[in-house]
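Convention: sequence-line order gives letters A, B, ...; per-chain numbering from 1.
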2 protein chains.
Amino acid sequence: MQFSKSTDYALHALLHLCLSDHGNNIGIKELSATLGVSESYLSKIMSKLRQDGIVRAVPGMNGGYELARSAEQITFLDVIQVIEGRQHLFECSNSKSQQHRLLVETETAEQECPQCIIEAVMDGAEQHLHQYLQEHTIQSVLDEAFKRCDHEANKK
Amino acid sequence: MQFSKSTDYALHALLHLCLSDHGNNIGIKELSATLGVSESYLSKIMSKLRQDGIVRAVPGMNGGYELARSAEQITFLDVIQVIEGRQHLFECSNSKSQQHRLLVETETAEQECPQCIIEAVMDGAEQHLHQYLQEHTIQSVLDEAFKRCDHEANKK
DNA sequence: ATCAATATGGATCTATGATATCCATAATAA
DNA sequence: TTATTATGGATATCATAGATCCATATTGAT
Ligand code: SF4
Ligand code: SF4
């Protein structure tokens with residue numbers, strides 16, 4: 001269970017949009033050269049980011065990409081969900097098994113079946129993970145970088 | 001990004017070992033029938049669980065599987081790591097890129113390069129996830145099931 | 001000692017998804 | 001009009017998950 005390379009690329013692409021923010025758009029050529037990923041592949045990723053409203057894109061001369069909102073408003077969770085999708089971390093695949101009947105029998109209330117206990121644990125894990133990822137933004141990474149930089153400067 | 005079906009199977013297999021604990025070993029046939037998974041496939045999973053010391057196995061007549069330690073001592077994290085492996089959630093794949101040099105330049109201390117900032121965020125996420133999964137054991141699922149059962153009984 | 005039952009591990013097959021490339025098309029600014 | 005750039009479909013390649021089969025080893029029962 002790992003995040004895909006695409007997530008890696010997406011994060012770095014967004015960071016580059018922040019760092020080289022000279023008002024203009026950044027073309028796929030520059031992004032591709034900076035990240036060391038092919039233009040074709042990276043453009044798919046950028047396109048996804050655009051569809052989800054993370055970046056804006058304009059075609060044509062001097063076109064390219066720019067952030068659609070400020071770096072404080074782009075969380076790690078946003079980026080990850082665009083690339084990895086929004087499926088649950090755990091989705092039961094054997095609810096027709098004999099096991100399931102036994103487990104659910106324990107809790108087979110009158111009406112609405114409450115959430116399965118295993119799924120409850122797993123969904124809890126997912127919520128914790130999401131909450132953490134939501135508290136960390138692209139901006140927070142930049143801030144941390146500057147902080148480290150200052151720290152180094154002070155030591156000299 | 002999702003847990004594999006094998007993780008699902010492993011958890012249910014362990015639950016079955018707990019629930020039908022009549023002192024004897026449980027054979028792969030019974031497990032297979034209960035979970036609705038082929039014997040061949042499930043036996044691979046059980047074998048992994050054995051290699052990591054989660055269950056014991058004895059071949060021969062009346063052989064089968066049993067828990068190698070109590071259900072309180074088997075955490076979700078244990079099971080998940082056996083099946084999914086122990087790779088990090090995030091492993092950078094472009095540390096040779098131009099981008100990397102720019103990001104690390106900011107923090108390029110004298111000696112030991114501190115952890116990359118992106119990896120720091122991701123590893124933090126991983127730690128949170130692991131901590132949660134470590135606090136939930138097979139036994140805690142059983143307890144929750146009994147609690148629900150009692151609650152239903154009281155309502156009647 | 002023999003036999004039946006059971007787990008183990010290697011080999012292999014298939015399905016699925018991640019990674020990656022190419023190209024035709026549309027949109028935009030100069 | 002033209003050069004430039006993003007877009008999306010089609011397709012190819014590769015790795016991994018999911019699954020099956022079989023030869024072998026181990027054990028208890030006879
Ligand atoms: S008990 Fe929960 S996880 Fe297990 S089969 Fe039923 S729904 Fe799925
Ligand atoms: S900055 Fe971190 S995540 Fe990015 S390329 Fe360097 S090591 Fe990898």
Side-chain angles (χ1 to χ4, degrees), chain A residues 1-10 12-13 17 23-33 35-66 68 80 82-87 89-94, chain B residues 1-10 12-13 17 23-33 35-66 68 80 82-87 89-94:
Chain A
M1 231 245 317
Q2 256 195 210
F3 290 126
S4 65
K5 287 189 177 189
S6 295
T7 294
D8 187 324
Y9 299 152
H12 282 85
L17 292 192
N24 289 335
N25 292 322
I26 313 278
I28 193 70
K29 275 201 168 61
E30 180 177 334
L31 280 175
S32 165
L35 300 195
V37 181
S38 82
E39 299 179 24
S40 315
Y41 194 39
L42 194 53
S43 67
K44 302 281 188 203
I45 295 171
M46 297 310 295
S47 193
K48 274 194 183 180
L49 289 173
R50 184 189 59 82
Q51 285 167 17
D52 274 60
I54 310 276
V55 301
R56 270 190 292 270
V58 294
M61 275 183 146
N62 297 325
Y65 302 94
E66 62 177 352
I80 288 170
V82 168
I83 305 296
E84 308 279 336
R86 290 174 171 80
Q87 331 89 354
L89 213 51
F90 178 85
E91 283 168 10
C92 168
S93 50
N94 42 346
Chain B
M1 231 246 317
Q2 256 194 214
F3 291 125
S4 65
K5 287 190 177 188
S6 294
T7 294
D8 187 324
Y9 299 152
H12 283 86
L17 292 191
N24 289 335
N25 292 323
I26 313 278
I28 194 69
K29 275 201 167 61
E30 179 176 335
L31 280 176
S32 165
L35 300 195
V37 181
S38 84
E39 299 179 23
S40 314
Y41 194 37
L42 194 54
S43 67
K44 302 281 188 202
I45 295 172
M46 297 310 294
S47 194
K48 274 193 183 179
L49 289 173
R50 183 189 60 81
Q51 285 168 17
D52 273 60
I54 311 276
V55 302
R56 270 190 292 269
V58 295
M61 274 185 144
N62 298 324
Y65 302 93
E66 62 177 353
I80 288 169
V82 168
I83 306 296
E84 308 280 336
R86 290 175 171 79
Q87 331 88 354
L89 213 52
F90 178 85
E91 283 168 11
C92 167
S93 50
N94 43 345

Atom pair distance, as rounded to whole Å: CG in B:Leu49 and C1' in C:dA7: 14 Å
Test item: A:His12 and A:Asp8 side chains (from C-beta on) under 4.5 Å apart, heavy atoms: yes
Rounded interatomic separation in angstrom, taking CD from B:Gln2 and C1' from D:dT16: 15 Å
Atom-pair distance (CG on A:Leu42; P on C:dA18), nearest Å: 17 Å
Nearest-nucleotide 5' precedence on DNA chain D, B:Ile83 against B:Val58: B:Ile83
From D:dG28, D:dT26, D:dA6, nucleotide with atom closest to B:Pro59 side chain: D:dT26
Residue B:Ile28, side-chain heavy atoms: nucleotide from C:dA7, C:dT19, C:dC22 that is nearest: C:dA7
Separation of atom CD in A:Glu91 from atom P in D:dG18, rounded to whole Å: 13 Å
Which nucleotide in C:dT21, D:dA19, D:dT7 has an atom nearest any side-chain atom of A:Arg50: D:dT7
Selected nucleotide, minimal atom distance to B:Tyr65 side chain, candidates D:dA29, D:dA19, C:dT8: C:dT8
B:Lys44 (side chain) and C:dG10 (base): donor-acceptor pair under 3.5 Å: yes
Sugar-phosphate, base or nothing in reach of A:Tyr9, heavy atoms under 4.0 Å: sugar-phosphate
Side chain to side chain, B:Ile45 and B:Ile83, heavy atoms closer than 4.5 Å: yes
D:dT5 OP1/OP2 closer than 4.0 Å to side-chain N/O of A:Asn25: no
Listed nucleotide nearest any side-chain atom of B:Gln51, set D:dA19, C:dG9, C:dA29: C:dG9
Test item: A:Asn24 and A:Asn62 side chains (from C-beta on) under 4.5 Å apart, heavy atoms: no
Between P of C:dG17 and CZ of B:Phe3, the distance in whole Å: 18 Å
Closest nucleotide among C:dT21, D:dA29, D:dG18 to the B:Ser4 side chain: D:dG18
Pair A:Tyr41, A:Ser6: side-chain N/O donor-acceptor within cut-off below 3.5 Å: yes
5' priority, DNA chain C, between A:Val37 and A:Asn62 [closest heavy atom]: A:Val37
Nearest to side-chain heavy atoms of B:Ser38, which nucleotide of D:dT20, C:dT8, C:dT19: D:dT20
Touch class at under 4.0 angstrom, heavy-atom based, for A:Ser47 against every strand present: sugar-phosphate
Interatomic distance where CZ belongs to A:Arg56 and P belongs to C:dT28 [whole Å]: 14 Å
Any A:Met1 side-chain heavy atom under 4.5 Å of B:Leu89 side chain: yes
Most 5' of A:Glu39 and B:Ser40 on DNA chain C, judged by nearest nucleotide: B:Ser40
Any A:Ser6 side-chain N or O less than 4.0 Å from OP1/OP2 of C:dA18: no
Protein-nucleotide distance (A:Gln87, atom CD; C:dA18, atom C1'), rounded to Å: 13 Å
Residue B:Met61, side-chain atoms from C-beta onward, closest of D:dA17, D:dA29, C:dT8: D:dA29
From A:Glu30 atom CD to A:Leu17 atom CG, the distance as rounded to the nearest 0.5 Å: 9.0 Å
Whole-Å distance separating the NZ atom of B:Lys48 from the C1' atom of C:dG9: 13 Å
Min side-chain heavy-atom separation A:Tyr9-A:Ser4 under 4.5 Å: no
side-chain N/O A:Tyr41 vs C:dT21 OP1/OP2, d < 4.0 Å: no
Most 5' of A:Gly27 and A:Met1 on DNA chain D, judged by nearest nucleotide: A:Gly27
Shortest side-chain distance from B:Ser43, nucleotide among C:dA20, C:dT8, C:dA29: C:dT8
